[in-house]
Amino acid sequence: MAQKPTIPKGTRDFSPIEMARRNFIFDTIKDVFQIYGFQQIETPAMENLTTLMGKYGEEGDKLLFKILNSGDFLSMVDPSELNQFNSSRLTTKIAEKGLRYDLTVPFARYVVQNQNDIVFPFRRYQIQPVWRADRPQKGRYREFYQCDVDIIGSCSLLNEVELIQIIDNIYKNLGVRVTIKINNRKILAGIAETIGELDRIVDITVAIDKLDKIGILKVNEELNLKGVSAEAIRKLQPILSLTGSNIEKLDQIEQVIKDSETGVKGIAEMRTIFNYLTLIDIESEIELDLTLARGLNYYTGAIFEVKSRHVEIGSITGGGRYDDLTGIFGMSGVSGVGISFGADRIYDVMLQLDLFPKNTTSAASILFINFGDKEEKYCLPIVADLRAKGIRTEIYPDQDKMKKQMNYANRKGIKFVALAGESEISQGMITLKNMDTGEQMLLKPDQLSSVLKE
RNA sequence: GUGGAUGUAGCUCAGGGGUUAGAGCACUGGAUUGUGGUUCCAGGGGUCGUGGGUUCAAUUCCCAUCUUCCACCCCA
């Protein structure tokens, strides 16, 4: 037996029905992006590793797919280095390129490289696959699509508000009920500063991020383990047990962190955003969630995360404000904010909730049965005419048995079959059969399109 | 990186230390030579993941290894 073909771990093929559904998601997202005036760009699947390395933290570097240099990739390596078996050092010599890990960093690179041609504030969207060398599991893939929208070159909080509107619009159009969680890195920094552990901000946010998963006791335990002082942990408690509306929560936090300049700024930002939001209709639930930390270390202001209210799958959209993403590429003082929709997880959610429209099919509307040479020639112009009128039309390519051709139409969900044999040809007609009802009628060829369009 | 499951026909999965390993779906042909879906009959298709061990005998038991899936970490 021939070797069984497989695809790499964490990757998937998409069948026609899946593509029809995926395109429904992409089209919905794209339409909303465009309504808000965003313009599309694309960047290469691969970037130079120097562009990608160090942008996603230590973990991120490990999750980058690296591409072996072309040609004799070992020729430039010193044999003594080979013998050290230090793969991370060796990597930099034998691999100069990597697959993109997200769309934000390549976008930052794009902005820096094209700064003279870009009109700022730049509103772009980008829908492309990204790759992560993660262990795959439910809702986690090694190749998946992100749909990013970013506004770069504007500090206005109006942008944050627009992104929330976009999230709300898109999920409304998709029929998915979501909770939009918002937090602010400045508030997190303020908390860390207040309890005197500013340099431990990462440990602290990672720990409180787990609050709803492992509970307050375990979080305290973990903080203690990470070396956060007992006094600091004590000060942290009121923040871990906030209650009330978003505004009430803000009031409570402000009391705790009022001496931190950064923290107060973060509070003010959140108040501004919530104020704007009172002016517009938002259907999604919006929740100020202090436990929301988000891993990517370039966020500096507001951070967002969207979760499905009915399906447990992790976040389906995430993003935030980054004040100096382009700084690492030599263009400082440019603030941006953006979010990313995870198309694959949205797909999983919608499939589970059975939210795809029933008629998402890409199959033809009508199939012409192939009876023979003479009949083919009779049908061909009629087929061409239907196609010119925008009707998805197929003619069966082989002169197979009719049973097989009918079965083909049936299996593909083609609703109409056109039969033109000797008797139809002699009358200049077509027999049109409705595969759902079994009904047949004899029509003139130019009547077909109007019946099919009903 | 850690832990748990998994691997038998193209696909989904049963089974079992002993002659020739099964089912459904799919495919091919027939009942039905211009009428699909339902039904019936027949047919093709297997290194039982790989390597080793125990045994008179292993696809079955044991060990290792790989694969895929699930959980942790982290994330969309």
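Every chain is numbered from 1, with letters handed out A, B, ... down the list of sequences. What you see below is based on every heavy atom in this structure, not just the backbone, and it leaves out hydrogens, waters and symmetry mates.
Taking the nucleotide of RNA chain B with the nearest heavy atom to each of A/Phe371 and A/Ser340, the more 5' of the two is matched to A/Phe371.
At whole-Å resolution of the value, CZ in A/Arg142 and P in B/C70 are 13 Å apart. In this structure, CZ of A/Arg100 is placed 16 Å from P of B/A76, rounded to the nearest angstrom. Taking atom CD1 of residue A/Ile25 and atom C1' of nucleotide B/A76, one finds them 13 Å apart after rounding to whole Å. Nucleotide B/G36 holds its P atom 9 Å from the CG atom of A/Asn407, rounded to whole Å. Rounded to an integer number of Å, the gap from A/Met402 CE to B/U32 P is 17 Å. Summarising the geometry, the separation between CD on A/Gln427 and C1' on B/G34 is reported as 14 Å, rounded to the nearest angstrom. Rounded to whole Å, the distance from CD1 on A/Ile430 to C1' on B/G34 is 14 Å. Rounded to a whole Å, the OH atom of A/Tyr56 is 13 Å from the C1' atom of B/A76.
Among B/U35, B/G37, B/A76, the nucleotide with an atom closest to any side-chain atom of A/Arg132 is B/A76. In this structure, the nucleotide among B/U28, B/G34, B/C69 sitting nearest to the side chain of A/Thr431 is B/G34. Of the candidate nucleotides B/U35, B/A76, B/G34, B/A76 has the atom nearest to the side chain of A/Ser315. Nearest nucleotide to the side chain of A/Pro136, out of B/U35, B/A76, B/C69: B/C69. With B/U68, B/G36, B/A76 as the candidates, the nucleotide lying closest to the side chain of A/Lys9 is B/U68.
The base of B/U35 sits with one of its N or O atoms less than 3.5 Å from a complementary donor or acceptor on the side chain of A/Lys433. Judged by distance alone, with hydrogens and angles left aside, A/Asn410 brings no side-chain donor or acceptor close enough to the base of B/G37 to form a pair under 3.5 Å. Between the base of B/U68 and the side chain of A/Arg135 there is no donor-acceptor pair shorter than 3.5 Å.
B/A57 makes up no base pair with any nucleotide shown, lacking Watson-Crick or G-U wobble contacts both under 3.5 Å. Judged by Watson-Crick or G-U wobble contacts below 3.5 Å, the nucleotide B/G3 has B/C70 as its partner. If you check B/A64 for Watson-Crick or wobble pairing at under 3.5 angstrom, you find it paired to B/U50. Nucleotide B/G43 forms a pair with B/C27, judged by Watson-Crick or G-U wobble geometry with both contacts under 3.5 Å. Across all strands shown, B/C13 pairs with B/G22; the Watson-Crick or G-U wobble distances both stay below 3.5 Å. Under the Watson-Crick and G-U wobble criteria, each requiring two contacts below 3.5 Å, nucleotide B/U38 is left unpaired.
Distance check, rounded to the nearest 0.5 Å: CE of A/Met429 to CD of A/Gln447 gives 6.5 Å.
Between A/Asp385 and A/Lys389, at least one side-chain N (NZ, or NE/NH1/NH2) sits under 4.0 Å from a carboxylate O, which counts as a salt bridge. Using a cut-off of 4.0 Å between Lys/Arg side-chain N and Asp/Glu carboxylate O, A/Arg124 and A/Asp148 are scored as salt-bridged. Under the 4.0 Å criterion applied to side-chain N and carboxylate O atoms, A/Asp344 and A/Arg12 are assigned as salt-bridge partners. With respect to the salt-bridge test (charged N to carboxylate O, under 4.0 angstrom), the residues A/Lys9 and A/Glu143 do not qualify. The pair A/Glu394-A/Lys412 counts as a salt bridge, with a side-chain nitrogen and a carboxylate oxygen less than 4.0 angstrom apart. The pair A/Lys433-A/Glu439 does not meet the salt-bridge criterion, since no charged nitrogen lies less than 4.0 angstrom from a carboxylate oxygen.
The shortest distance between the side-chain N/O atoms of A/Gln137 and the OP1/OP2 oxygens of B/A71 is below 4.0 Å. Between A/Lys403 and B/G36 there is no side-chain N or O to OP1 or OP2 distance below 4.0 Å. Look at A/Lys62 and you won't find any side-chain N or O under 4.0 angstrom from OP1 or OP2 of B/C74.
Taking atom C1' on both nucleotides, B/G49 is separated from B/A9 by 15 Å, rounded to a whole Å. Rounded to whole Å, the separation between the C1' atoms of B/C25 and B/A14 comes to 14 Å. Rounded to a whole angstrom, the distance from the C1' atom of B/U60 to that of B/G24 is 23 Å. The C1' atoms of B/G7 and B/C48 are separated by 9 Å, rounded to the nearest whole Å. The gap from the P atom of B/U8 to that of B/G15 amounts to 14 Å, rounded to the nearest Å. Rounded to the nearest Å, the gap between the P atom of B/U50 and that of B/C66 is 16 Å. The same atom, P, is picked in B/G36 and in B/A31; the two are 13 Å apart, to the nearest Å. On the P atoms, B/U54 is 15 Å away from B/C63, given to the nearest whole Å.
Counting non-hydrogen atoms under 4.0 angstrom, A/Ile316 reaches the backbone sugars and phosphates but no base. Within the 4.0 angstrom heavy-atom criterion, no nucleotide atom of any strand lies near A/Asp148. A/Gly139 comes within 4.0 angstrom of a base, heavy atoms only. Looking at heavy-atom distances under 4.0 Å, A/Glu424 makes contact with a base. Residue-level contact check: A/Arg411 touches the backbone only, with heavy atoms under 4.0 Å from sugar-phosphate atoms and none from bases. Among the atoms of the strands shown, only primed sugar atoms or phosphate atoms (P, OP1, OP2) are found under 4.0 Å from some heavy atom of A/Lys138. Residue contacts for A/Tyr141: at a heavy-atom cut-off of 4.0 Å it reaches a base atom on one of the strands shown. Using a 4.0 Å heavy-atom distance criterion, A/Glu422 is classed as a base contact.
Only A/Gly438, A/Gln440, listed by number, bring a heavy atom of residues 437-453 of chain A to less than 4.0 angstrom from any atom of RNA chain B.
Cation-pi geometry between A/Arg109 and A/Phe329 is not satisfied (NZ or CZ under 6.0 Å from the ring centre, within 45° of the ring normal). Cation-pi geometry between A/Arg321 and A/Tyr299 is not satisfied (NZ or CZ under 6.0 Å from the ring centre, within 45° of the ring normal).
Proximity of A/Lys181 to A/Lys307: side-chain heavy atoms (C-beta onward) are separated by under 4.5 Å at one or more points. Residues A/Phe368 and A/Ile430 meet the side-chain proximity criterion, which asks for heavy atoms closer than 4.5 Å.
Look at A/Phe341 and the base of B/A76; the rings do not stack under the cut-offs of 5.5 Å between centres and 30° between planes.
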